[in-house]
Amino acid sequence: MRAALVGIDFGQGDFAASVEELQLLARSAGAEPVTTITAKRSSPDAAYFVGSGKADEIGLAVLDHRIEIVIFNHALSPAQQRNLEKRLNIRVLDRTSLILDIFAQRAASHEGKLQVELAQLQHLATRLIRGWTHLERQKGGIGLRGPGETQLETDRRLIGERVKALRARLDKLRKQHETQRRSRGRSQTFSVSLVGYTNAGKSTLFNAVTKAGVYVADQLFATLDTTSRRVYMGQEVGNVVISDTVGFVRELPHQLVAAFRATLEETIHADLLLHVVDASSPVRMEQIEQVNLVLKEIGADHIPQILVWNKIDAAGLEPSVERDEYDKISRVFLSARTGQGLDLLRGAIVEWAKNAPGARLNQAYHVDEEADEEPAETEAEPDSSPTLTHVGSH
């Protein structure tokens, strides 16, 4: 599908990196970015977001390049989206809808599909007002007397009922996960969760540490299904549960954060977070900030974390470890793709597990010291496993 991308520079953050990310998102959704239209503004236009003049420029680009869809790098209000579609006579998608569409394509597990559907319905509910031509009060007459509600009200009621049903099913799954976490808590197994910006290399790192064989691709949100593994870390520590969890992106739609909250609790209850960073990215500090913002939103900002600077082979760095003023390991430099520095990361996990407050190290599943991996952590039913975003290239 031939797409025109639109980005407006409001003077906040790295605009070029934001546009580049939009191109990656569009390709991940299956679109073919043909042209990119940019502009500078101090604030969004109330009617068209970009202003009427720029809207006409987009319209000319649509005709010149035979564009099939226009994708904005911003969240549009329902009115702005409708006005643009009417003026351009073509489908307009905003950043929120684009990410929701990618999630819908990637969701494979039962829980993942439920969470994505809930997020989509919550987003759709804000866009019903005058969204379609049939939203007029039903007229009376023989055989035509309606139930006394508009089509809009019917749509809202049906969406409300479906949202309620989805929340009930997700709440049931959340309770199952809570039971599993309590079981791990009783055995006091040290729990580690990988978090980071999407495409920072989390899944590649997870595979390198656990040899789990999780799907990896150089694209945003390659898969949404999380994986947990119990890994033997030596006689001193025993087994540690490592989970490949969430991949974030700037301006992650609030509907997704809310819908995935039950699954994100896997991160909240971890003993240690491995915050994976793409060391070769010029906007890595901004990406770190974006991940920390979402961690704060879900209540996981209090959990200790090690910054894992991945892709040092691409950044020209050497494997090493940095410590903070309390002599705790705060940063590890490695390459998940080449294996450089993986031993340093394993050592850091062991050190944190040994020093965890009140930790009674789990020796229940002792294996040969040369083994790198234990069987998969027993989670919920296969189709209701925790579902989160993860992706990685190296």
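Scope of the values below: all heavy atoms of this structure, side chains included, with no hydrogens, waters or symmetry mates.
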Novice: Do Glu161 and Leu158 come close enough that some side-chain heavy atom pair is under 4.5 Å?
Specialist: yes
Novice: How long is the straight-line distance from CG of Asp14 back to CE of Met285, given to the nearest 0.5 Å?
Specialist: 14.0 Å
Novice: Hey, what do you get for CG (Leu24) to CD1 (Ile102), rounding to the nearest 0.5 Å?
Specialist: 9.5 Å
Novice: If you link ILVMFWY side chains whenever their heavy atoms are less than 4.5 Å apart, which other residues fall into the same cluster as Leu60? By chain and number, please.
Specialist: none
Novice: What I want to check is whether the side chains of His269 and Ser191 have a donor and an acceptor closer together than 3.5 Å.
Specialist: no
Novice: So if I apply the side chain to side chain donor-acceptor pair (under 3.5 Å) rule between Tyr197 and each of Glu21, Gln287, Glu289, which one comes out positive?
Specialist: Glu21
Novice: With a cut-off of 6.0 Å (strictly less than), are more than 12 heavy atoms of other residues, nucleotides or ligands near CD of Glu20?
Specialist: no
Novice: Which Ile, Leu, Val, Met, Phe, Trp or Tyr residues join Ile37 in one cluster when any pair of side-chain heavy atoms under 4.5 Å counts as a link?
Specialist: Val6, Ile8, Phe10, Val34, Tyr48, Phe49, Val50, Ile58, Val62, Ile67, Val70, Phe72, Leu76, Leu84, Leu88, Ile90, Val92
Novice: Distance check, rounded to the nearest 0.5 Å: Thr189 atom OG1 versus Arg230 atom CZ?
Specialist: 6.0 Å
Novice: Heavy atoms, side chains only, cut-off 4.5 Å: are Asn73 and Leu5 in contact?
Specialist: no
Novice: Which residues satisfy the side chain to side chain contact (heavy atoms under 4.5 Å, CB included) test with Ala315, sequence neighbours excluded?
Specialist: Ala279, Ser280, Leu317
Novice: Thr204 vs Asn207, test: side chain to side chain donor-acceptor pair (under 3.5 Å). Steps then yes/no.
Specialist: CA-CA 5 Å; Thr204 305; Asn207 286 341; 5.8 Å; no
Novice: State which residues pass ring-ring contact (aromatic ring centres under 6.0 Å, His included) with Phe15; sequence neighbours excluded, sorted by chain then number.
Specialist: none
Novice: Can you confirm whether more than 12 heavy atoms, excluding those of Arg91, are under 6.0 Å from its CZ atom?
Specialist: no
Novice: Are Pro319 and Leu334 close enough that some pair of their side-chain heavy atoms sits under 4.5 Å apart?
Specialist: no
Novice: Taking the side chain as every heavy atom from C-beta outward, state whether Leu273 and Leu295 have any pair of such atoms under 4.5 Å apart.
Specialist: yes
Novice: Should Ser203 and Asp244 be marked as a side chain to side chain donor-acceptor pair (under 3.5 Å) after you check the CA-CA gap, both sets of side-chain angles, and the distance that decides it?
Specialist: CA-CA 7 Å; Ser203 296; Asp244 184 15; 3.0 Å; yes
Novice: Return the set of residues passing side-chain hydrogen bond (donor to acceptor under 3.5 Å, both in side chains) with Glu286 (not counting sequence neighbours), or none when no residue passes.
Specialist: Arg250
Novice: Determine whether Gln340 and Phe333 make a side-chain contact, defined as any pair of heavy atoms from C-beta on separated by less than 4.5 Å.
Specialist: no
Novice: At what distance, to the nearest 0.5 angstrom, does CG of Leu293 lie from CD1 of Ile288?
Specialist: 12.0 Å
Novice: Please list every donor-acceptor pair under 3.5 Å in which a side-chain atom of residues 162-170 meets a protein atom from a residue at least two apart or in another chain.
Specialist:
unit_1	atom_1	unit_2	atom_2	d
Arg162	NE	Glu117	OE2	2.7
Arg162	NH2	Glu117	OE1	2.9
Arg162	NH2	Glu117	OE2	3.2

Novice: Do the side chains of Asp56 and Arg87 get close enough for a salt bridge, i.e. N-O under 4.0 angstrom?
Specialist: yes
Novice: Nearest 0.5 Å please: distance from the NE2 atom of His275 over to the CG atom of Leu194.
Specialist: 10.5 Å
Novice: Over all heavy atoms of both residues, which pair between Gln120 and Ala104 is shortest? Give the atoms and the distance, please.
Specialist: NE2-CB, 3.5 Å
Novice: Are the side chains of Gln23 and Arg27 in touch, meaning some heavy atoms are under 4.5 Å apart?
Specialist: yes
Novice: Are there over 12 heavy-atom neighbours, none belonging to Asp324, within less than 6.0 Å of that residue's CG?
Specialist: yes
Novice: With heavy-atom distances below 4.5 Å as the criterion, would you say the side chains of His123 and Asp94 are in contact?
Specialist: yes
Novice: Within a strict 4.5 Å, meaning less than it, do heavy atoms of the Val192 and Leu274 side chains meet?
Specialist: yes
Novice: Rounded at 0.5 Å granularity, tell me how far CG in Asn310 sits from CG in Leu205.
Specialist: 6.0 Å
Novice: Just by modelled atom types, is the Asp45 backbone N or O under 3.5 Å from a matching donor or acceptor in the Gln80 side chain?
Specialist: yes
Novice: Is the closest basic N to carboxylate O distance between Lys54 and Glu57 below 4.0 Å?
Specialist: yes
Novice: Between Glu32 (side chain) and Arg2 (backbone), is there a donor-acceptor pair under 3.5 Å?
Specialist: no
Novice: Identify the two heavy atoms, one from Val332 and one from Ala348, that lie closest to each other, and give their separation to 0.1 Å.
Specialist: CG2-CB, 4.2 Å
Novice: If I compare all heavy atoms of Asp313 with all of Ser335, which pair ends up nearest, and what's the gap?
Specialist: OD1-OG, 3.0 Å
